[in-house]
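Notes follow the structure.
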Amino acid sequence: MKSTYFGVRLLIVLLFPPAVVQSQKHEQHGEVGTASGMLLRQIWAGPDLGRNYGNNTTPSPDGRYIAFNELISPGHFEVTTGLGIHDVAAGTNRVITKVNADDTGFIGAIAWAPDGQRLAYQWYSWKARRNELRVIKLDGSSMRVYPSDDPLEPIAWTPDAGKILVVVSKHERILFLDLVRYVRSPKTGDGLDRLAWVSEADGSIRTFKTLPARHSEDIQRWPSLSPDGKYIAYSRTQGASQNRDIFVVSDDGERETAVVEHADNYVLGWAPNSKLLFFASDRNETIDVWQIGVVDGKAEGLPQRLKRDIGQVEPMGVNAKGALYYRFGDFLTDSYEATLEPITGKMLSAPKPMGNRFGGSFSSPDWSPDGRWLVHIVLPAAFGHPASGRPPSSFGARPPAKLFILSLETGEEKQIAPQLRGTVVRPRWRPNGKSISVQASGENGREGIFSVDPDTGSVEPLVPGDGSGFRNTGWSVDGNSLVYEKYFAQGGKSHMAVVVRRVDTGEEHQIFLAPYTARPLVSAVSPVTDQVAILADDRLSVTSISGQNTRELLQGNLAEPEWLAEVPGSLAWTRDGRYILFAKTNGDRRELWRIPAEGGQAVFTGLSVAGRNLYFLRSHPDGRRIGFVVGGSRTAEIWAMENFLY
């Protein structure tokens with residue numbers, strides 16, 4: 001599967017189980033054989049692959065290399081990537097593009113030329129603020145640049161290498177920059193994507209197919225070009241169904257046929273002879289690999305199952321030797337609580353896990369004002385294709401998170417508001433304890449902030465989505481206003497702001513506004529006063545909810561961002577409103593610190609985490625306990641299915 005706009009996906013965001021039996025076999029053996037002679041072979045695995053957003057990976061035609069987008073400047077808002085090449089036999093990586101101050105940007109989708117000596121890739125230039133399709137040789141030489149008004153996401157080259165199949169992206173997408181930071185790309189024109197041919201000689205574009213609106217929203221939306229260059233297969237939903245069917249369209253867009261219907265299906269790739277199409281389907285309850293004959297763009301015969309229970313995978317296509325490549329991985333996050341001594345701020349008890357279920361996926365906890373309930377979300381622990389396309393997820397290839405509420409008196413736990421979709425995150429109790437605000441996508445797929453009744457699970461909109469990125473929702477002490485962060489474009493420039501919104505009137509005002517910087521924006525609302533703590537550009541300050549009387553508490557070294565809060569949510573007030581808790585980066589560790597809200601010396605609490613993020617800080621109503629999330633453990637694996645063609 002290719003990536004979303006600019007080639008980044010979270011895997012979140014923030015932001016993603018493969019088949020358990022399959023994953024265990026892979027980890028233990030590296031190769032898995034079958035009675036029929038089929039071989040599953042691990043190609044590449046490890047945390048580096050997960051960290052480098054390996055869903056942009058694509059194998060060379062001969063299987064010797066994997067192309068991917070290598071992170072050059074992690075931790076900055078305008079993330080820069082280079083085009084990397086992984087040598088499968090040697091297990092080594094190299095970056096073939098030169099990245100400098102005059103040419104920074106992000107690599108998206110990547111496609112190999114048939115001879116394996118050139119690559120086409122999507123590029124977004126941070127400096128020029130423009131989209132490009134670039135072509136480069138395997139040794140990094142002879143780059144050709146084709147500018148475009150819209151993102152051009154390369155899918156495949158024709159057999160003669162004269163044209164490149166692309167998706168001209170015109171619909172709104174989410175751009176993920178790290179675990180939870182993201183912005184939305186604007187949609188252009190009618191918002192409908194197109195299939196088009198780009199001439200390798202001069203970069204001219206010929207559009208031949210407008211894709212349906214539902215296709216643009218779908219989880220698996222990437223076409224696959226038959227090796228003879230005559231047909232394109234892609235999956236999309238039809239009508240009101242959330243199941244995906246597979247269609248084959250001719251290279252001129254004139255003829256289109258549904259070749260796989262019923263159940264939920266998505267394309268894996270074509271056989272080298274262009275007569276067989278491979279796809280994944282949940283028609284037998286598990287997600288299996290199937291094939292169907294395709295002749296003259298139409299289905300021939302009945303589907304045949306090749307491999308049972310492949311799990312949730314991202315397809316990477318079939319190479320010239322007939323090996324089917326796919327990718328899956330894990331993203332683990334857990335919630336903990338610890339006790340701090342109120343006067344000294346020092347940790348009194350070792351952290352212990354929250355809850356008894358959902359290990360590896362328990363996130364965003366928040367205690368009710370009376371301390372009797374804990375609301376949290378459950379994140380899918382794996383990224384890859386969900387078992388079903390129901391519902392489409394704005395996190396790309398991830399099933400939606402779920403909202404749960406846990407009784408701390410009885411231990412009873414139940415899901416609430418299952419109608420929420422996609423980016424379900426950051427639940428916050430309203431001060432009166434009668435409702436919970438949560439950032440999510442509604443039933444229409446539009447993102448916003450919603451109010452959830454903890455007893456009935458009913459949902460009402462609080463803040464409608466407007467294409468901006470919401471983060472870190474918090475309530476004013478009187479419960480009448482929401483405070484949240486917002487990213488938006490205005491006047492050709494990108495901005496970040498802290499916004500206060502009256503929930504009864506919808507009236508808004510900004511209490512912080514700044515251009516995008518390389519540092520995240522984080523805010524937290526005091527539980528007892530009308531003050532808001534803001535961490536931006538390595539400066540920690542406090543202001544009123546009206547935006548008046550701002551005072552600075554801390555300023556870090558801008559060259560060495562020691563006060564950098566790694567992800568949104570790593571900032572909180574103590575329940576008495578006297579102190580502010582924040583996360584600090586110290587080498588490879590994340591540390592929890594405390595500083596007086598009125599100013600003074602910051603104190604290390606003694607809580608630190610090695611090699612993982614510490615975020616979503618919350619204070620218990622008893623004034624002693626704190627809750628936090630430890631996450632960021634990401635691994636990924638690429639496998640090839642071989643010896644299955646007869």
Side-chain angles (χ1 to χ4, degrees), residues 1-9 53 55-58 60-61 67-70 80-85 95-99 102-171 173 175 185-189 192-211 216 221-225 229 232 234 251 253 317:
M1 174 184 280
K2 312 292 184 181
S3 76
T4 53
Y5 182 57
F6 303 163
V8 186
R9 233 183 252 178
Y53 302 100
N55 58 325
N56 289 334
T57 50
T58 183
S60 61
F68 64 99
N69 61 337
E70 169 78 30
T80 292
T81 58
L83 182 60
I85 301 295
V95 177
I96 66 173
T97 55
K98 295 181 175 64
V99 177
D102 294 325
D103 190 26
T104 59
F106 212 95
I107 291 173
I110 306 168
W112 288 84
D115 61 4
Q117 298 302 307
R118 287 179 298 168
L119 298 108
Y121 64 93
Q122 176 192 354
W123 177 259
Y124 180 80
S125 169
W126 291 122
K127 185 175 182 179
R129 296 292 193 232
R130 75 176 183 185
N131 299 286
E132 298 173 352
L133 180 68
R134 293 186 170 188
V135 175
I136 193 171
K137 286 188 175 180
L138 189 58
D139 61 6
S141 65
S142 305
M143 180 183 290
R144 307 180 73 172
V145 178
Y146 307 122
S148 171
D149 293 333
D150 299 299
L152 301 180
E153 301 164 332
I155 304 301
W157 299 54
T158 53
D160 62 2
K163 295 180 295 184
I164 302 168
L165 176 67
V166 301
V167 169
V168 182
S169 175
K170 288 182 173 290
H171 81 281
R173 300 190 188 177
L175 162 65
S185 67
K187 66 180 180 181
T188 60
L192 300 179
D193 293 349
R194 271 76 169 169
L195 289 177
W197 295 108
V198 175
S199 169
E200 197 280 332
D202 58 16
S204 59
I205 302 174
R206 179 173 63 85
T207 300
F208 67 92
K209 169 70 176 175
T210 298
L211 296 170
S216 297
R221 49 175 305 281
W222 287 96
S224 178
L225 179 65
I232 300 97
Y234 72 99
D251 61 353

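Numbers here are sequence positions counted from 1. No experiment lies behind these values; they were computed from the predicted model shown. These values consider heavy atoms only, across backbone and side chains, with no hydrogens, waters or symmetry-generated copies.
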So does [Y] get a backbone contact from the side chain of [X], meaning a donor-acceptor N/O pair under 3.5 Å?
X      : Y      : answer
Arg194 : Leu192 : yes
Thr158 : Lys163 : yes
Trp197 : Phe208 : no
Arg206 : Ser199 : no

Decide, yes or no, whether a salt bridge links Arg134 with Asp103 under the criterion of side-chain N to carboxylate O below 4.0 Å. yes

With side-chain contact (heavy atoms from CB on, under 4.5 Å) as the test, would you mind laying out the steps for Ile96 and Asp139 before giving the verdict? CA-CA 6 Å; Ile96 66 173; Asp139 61 6; over 6 Å; no

Minimal non-hydrogen separation, [X] against [Y], with atom names:
X      : Y      : result
Ala120 : Leu133 : CB-CD1, 4.4 Å
Gly82  : Ile107 : C-CD1, 3.3 Å
Ala201 : Arg144 : O-NH2, 2.6 Å
Thr97  : Met143 : CG2-CE, 4.5 Å
Pro61  : Trp112 : CD-CB, 3.8 Å
Ala67  : Ile110 : CB-CG2, 3.9 Å

Do [X] and [Y] come within less than 4.5 Å of each other through their side chains, counting heavy atoms only?
X      : Y      : result
Ile164 : Val135 : yes
Leu195 : Thr207 : no
Asp193 : Ser169 : yes
Asn131 : Leu152 : no

Could you tell me the separation between the [atom1] atom of [X] and the [atom2] atom of [Y], rounded to the nearest 0.5 Å?
X      : Y      : atom1 : atom2 : result
Ser141 : Ile136 : OG    : CD1   : 7.0 Å
Tyr121 : Glu132 : OH    : CD    : 8.5 Å
Gln122 : Ile155 : CD    : CD1   : 9.5 Å

Only one of Leu83, Thr81, Thr57 clears side chain to side chain contact (heavy atoms under 4.5 Å, CB included) with Asn69; which? Thr81

